[in-house]
Trainee: 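Below you will find the structure I want to go over with you.
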Amino acid sequence: MNETLVIRNLRVSVEDKLILKGVNLTVRKGEVHALMGPNGSGKSTLAYTIMGHPKYTVTGGQILLKGEDIHELGTDERARKGLFLAFQYPCEVPGVRMANFLRLACNGRAGRELDVIEFYDKLEKKMKVLDMDEKFMKRYLNEGFSGGEKKRNEILQMMMLEPEFAVMDETDSGLDIDALKVVSQGVNQLRGPGRGILIITHYERILRYINPDLIHILVDGKIVKSGGPDLAAHLEEHGYDWIVKDQVPA
Amino acid sequence: MNAPPQELLHRTYKEGFHDDIKPIHQVPKGASHEVIDYMCDVKGEPDWMRAFRHRSLDLFHKQPLPDWLPGLRDLDYDAITYYVSPVEKSARKWEDVPEEIRRTYDKLGIAKEEQKLLGGLGAQIDSEMAYHNIQETLAKKGVVFLSCDEGMKQYPEIFREHFAKAIPPEDNKFAALNSAFWSGGSFVYIPKGVKCDVPLSVYFRINAEQFGQFERTLIVVDDDAFCHYVEGCSAPIYTTHSLHAAVVEIFVKDRARCRYTTIQNWSTDVYNLVTKRSFLYKNAVMEWVDGNLGSKRTVKYPSCYMLGEGAHGEVLSLASADKGMWQDAGAKMVFFAPNCTGRINSKSLSGHGGRSSYRGLVQVRNEAKNCRIQVNCDALILDDKSRSDTYPTMEVDGDLVTVEHEASVSNVSEEQLFYLMSRGIKKEDAYSMIVNGFIEPIVKELPMEFAVEINRLINLQMEGSVG
Ligand SMILES: Nc1ncnc2c1ncn2[C@@H]1O[C@H](COP(=O)(O)OP(=O)(O)OP(=O)(O)O)[C@@H](O)[C@H]1O
Ligand SMILES: [Mg+2]
């Protein structure tokens, strides 16, 4: 019970428009879940809401992190408690050096000032896994990074912060085949009994590298179907139409 | 928009104290010809300077305030004292500086140790330089670093050849006022081919109340030479106003390079109305690094006049307008010769109701062919009460001239805040990271101790800034 991220009957609106209409989802530590669904169905909305984005208003339901309702917690507190979001569109922060940013973030997560040498050792190792040049550390956060580099950088941050529950919003979109393998490798390294992962994606491809335990389909703000890996393959072939048609009007 | 910063910079303005320092010379208030005569007598100046001062005062009275320059209406020229001197002469040894003045400088952290890192150090208090010294090795190479008054006496030829040639008293009202009452400032001469790698540094302190500081700086960097000049300043907080109207003239001769760094941190009592201009000869390079963090009102547009072919001028400008401040900063570049390049990079912050404006003039004269000018000005506005404006002017007559101009005005973005916070970074830290990141391109050009000081000041401004 305590080692879970539970989304319970979550209703979320943006600018007075209801987007999530009662989402239920439980991710246990050690599990990898995939969330799929048509454009605009509310996948990113769910991701942002879990992280506490101020634009998204929870109008009903709960998010429980290890049993604790996190509604009152700020975004930074959620992160320090072990939540992580890999952004679909990571933003650029000019003038903020990667190394400084990562150090501050890691110190916050650890709740103490980390040893500098230890920090850089770890950083170097993780960057190697992701095949990232160390020059990135001197650059400004995401500024001028290519689309693929930004995505890699998201995984790097995830590997450095070692979250307990991570949501990855379309990390695979815009990656070339090699990058996809590298990123998947990173994710597989993070996979383990101490961590639950929710991968949002449109493509079956990444799921072949990262075998999820469960796949959910979000349509119009509701999870309409959950199942094993064969569900993704079926989607790849038939699209979402059959699910949408299957829906019994509420 | 994100909640505005609440705490104020000047609540923590640690330089806001004043000391009781007895002046040796003090004149009656007001800008009068009698004051000029008194100053000339005390300083023992040549007749041509006396005549120059009197003529300048007449020009000051005649010249109107430019109508595009608002915000100076409540400046009362008659309430100001134009000459206050707490020292008889400028000391060469720190021990010879009067103790009460040394105490002031100790509190400001302009400790004697700083000299070790510097090529030279000067310290002006009110109207006069209390201290001025240069490293032995530089002096041996012929580098001259004196108070401007001493420069006039010891190097009359170089002085007269350049003085008021870049900025004549006719130039503007405040240049005229400075020309009438100038006192202190630096005289720098770098001989041909001499590279003065360590900075020459000067600190200007206003201690007297309702006072006008009119230092005058004249820098001549001869052919193939290099120099970096750094100035800082501060003043007490009174409830009255003071005036700082400096004139800085720089001559960068053939293939020479000069960098002039300013960290202006006046209290919000001070009107800071400064004229800074450089003449660039063949293939010369001039870099103004101009940081404006304090003052009630700043009017300052460091300028580069490209007189020789292939010259390169640069202005890096940082303005931070906090409560009660209006930073009217910018740059001016005038191209008289072919194949010259210029770059202006301006960043401004406005918070707590502060106001900043970028005012830029790029002028390319007919005879200047094939020049390239790049202008970037970005403003970050921290809350709804604050304001930022841009007034760029371009007058291009020359041929084959490339002018690029980019400007942006933004707020601390919610997306950036959210991104940083989603990594566990606290809101205040995220906020100040974004703001410091915004000014980073300028800050990284500053000497280390200034960069640290600026980050500290900006963080103070940010304190309690976010709800
Ligand atoms: N900040 C916002 N302001 C206005 N509308 C929004 C905002 N965020 C989301 N929406 C709307 O909510 C709906 C769901 O958007 P969301 O980004 O969650 O979809 P998604 O499932 O992630 O789609 P995609 O697959 O295209 O990434 C869309 O109709 C979108 O326009
Ligand atoms: Mg999305």
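Lettering of chains follows the sequences in order, A, B, ..., and the numbering in each one begins at 1.
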Trainee: So which of A:Cys106, A:Gly108, A:Ala105 has the biggest tally of heavy-atom pairs under 4.5 Å with chain B?
Mentor: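 Top count of heavy-atom pairs under 4.5 Å with chain B: A:Ala105.
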
Trainee: Rounded to the nearest 0.5 Å, what separates atom CZ in B:Arg423 from atom CE in A:Met51?
Mentor: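 If I round to the nearest 0.5 Å, the distance is 7.5 Å.
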
Trainee: Within a strict 4.5 Å, meaning less than it, do heavy atoms of the A:Lys55 and B:Glu414 side chains meet?
Mentor: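 Counting from C-beta outward, A:Lys55 and B:Glu414 do come under 4.5 Å.
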
Trainee: Compare all side-chain heavy atoms of A:Leu104 with those of B:Met433 and state whether any distance is below 4.5 angstrom.
Mentor: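 Yes, their side chains come closer than 4.5 Å.
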
Trainee: Show the numbers, then the answer: is there a ring pair (Phe, Tyr, Trp, His ring centres under 6.0 Å) between B:Phe418 and A:Phe87?
Mentor: CA-CA 11 Å; B:Phe418 179 68; A:Phe87 284 69; 5.7 Å; yes

Trainee: Could you check whether any side-chain N or O of A:Arg80 sits under 3.5 Å from a backbone N or O of B:Gly424, counting only pairs where one atom can act as donor and the other as acceptor?
Mentor: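 Such a contact is found between A:Arg80 side chain and B:Gly424 backbone.
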
Trainee: Where the side chain of B:Gln416 meets the backbone of A:Cys91, is there a donor-acceptor pair that is under 3.5 Å apart?
Mentor: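 Such a contact is absent between B:Gln416 side chain and A:Cys91 backbone.
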
Trainee: Among residues at least two apart in sequence or on other chains, which ones pass side chain to side chain donor-acceptor pair (under 3.5 Å) with B:Ser346?
Mentor: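 With neighbours one apart ignored, the set is empty.
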
Trainee: Could you tell me which residues in residues 115-134 of chain A have at least one non-hydrogen atom under 4.5 Å from a non-hydrogen atom of chain B, sorted by residue number?
Mentor: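 Listed by number, there are no contacting residues, so the answer is none.
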
Trainee: Can you check side chain to side chain contact (heavy atoms under 4.5 Å, CB included) on B:Ile425 and A:Asp76, steps first, answer last?
Mentor: CA-CA 6 Å; B:Ile425 294 170; A:Asp76 54 324; 5.9 Å; no

Trainee: Please look at B:Phe438 and chain A and tell me whether the side chain, the backbone, both or neither of the residue comes under 4.5 angstrom of a heavy atom of that chain.
Mentor: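 Contact with chain A is through the backbone of B:Phe438 alone.
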
Trainee: Considering only heavy atoms, give the residues of residues 136-145 of chain A separated from chain B by less than 4.5 Å, sorted numerically, with 'none' for an empty result.
Mentor: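 Residues A:Tyr140, A:Leu141, A:Asn142 are the ones that qualify, each having a heavy atom under 4.5 Å from chain B.
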
Trainee: With chain B as the partner chain, list the residues of residues 148-164 of chain A whose heavy atoms fall under 4.5 Å from it, by residue number, and write 'none' if nothing qualifies.
Mentor: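 Within residues 148-164 of chain A, near chain B: A:Glu154, A:Gln157, A:Leu161.
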
Trainee: Quick check on A:Glu72: does its CD atom have over 12 non-hydrogen neighbours (other residues, nucleotides or ligands) under 6.0 Å away?
Mentor: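 No, not enclosed.
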
Trainee: State, with a plain yes or no, whether a side-chain heavy atom of B:Ile434 is found less than 4.5 Å away from one of A:Val96.
Mentor: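 No, side chains not in contact.
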
Trainee: Any idea which heavy atoms bring B:Ser422 and A:Ala79 closest together, and the distance?
Mentor: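 Between these two residues, the closest heavy atoms are O-CB, 3.3 Å.
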
Trainee: When you look at CZ of A:Arg191, are more than 12 heavy atoms from neighbouring residues, nucleotides or ligands closer to it than 6.0 Å?
Mentor: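 Yes, enclosed.
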
Trainee: What part of A:Glu77 gets closer than 4.5 Å to chain B, counting heavy atoms only: side chain, backbone, both or neither?
Mentor: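 Contact with chain B is absent: no heavy atom of A:Glu77 under 4.5 Å.
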
Trainee: Got more than 12 heavy atoms from elsewhere within 6.0 Å of NZ, A:Lys29?
Mentor: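 Check passes, neighbour count above 12.
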
Trainee: May I ask you to test the B:Met421-A:Arg78 pair for a side-chain heavy-atom distance under 4.5 Å?
Mentor: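 When only atoms from C-beta onward are counted, A:Arg78 and B:Met421 do not touch, as no gap falls below 4.5 Å.
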
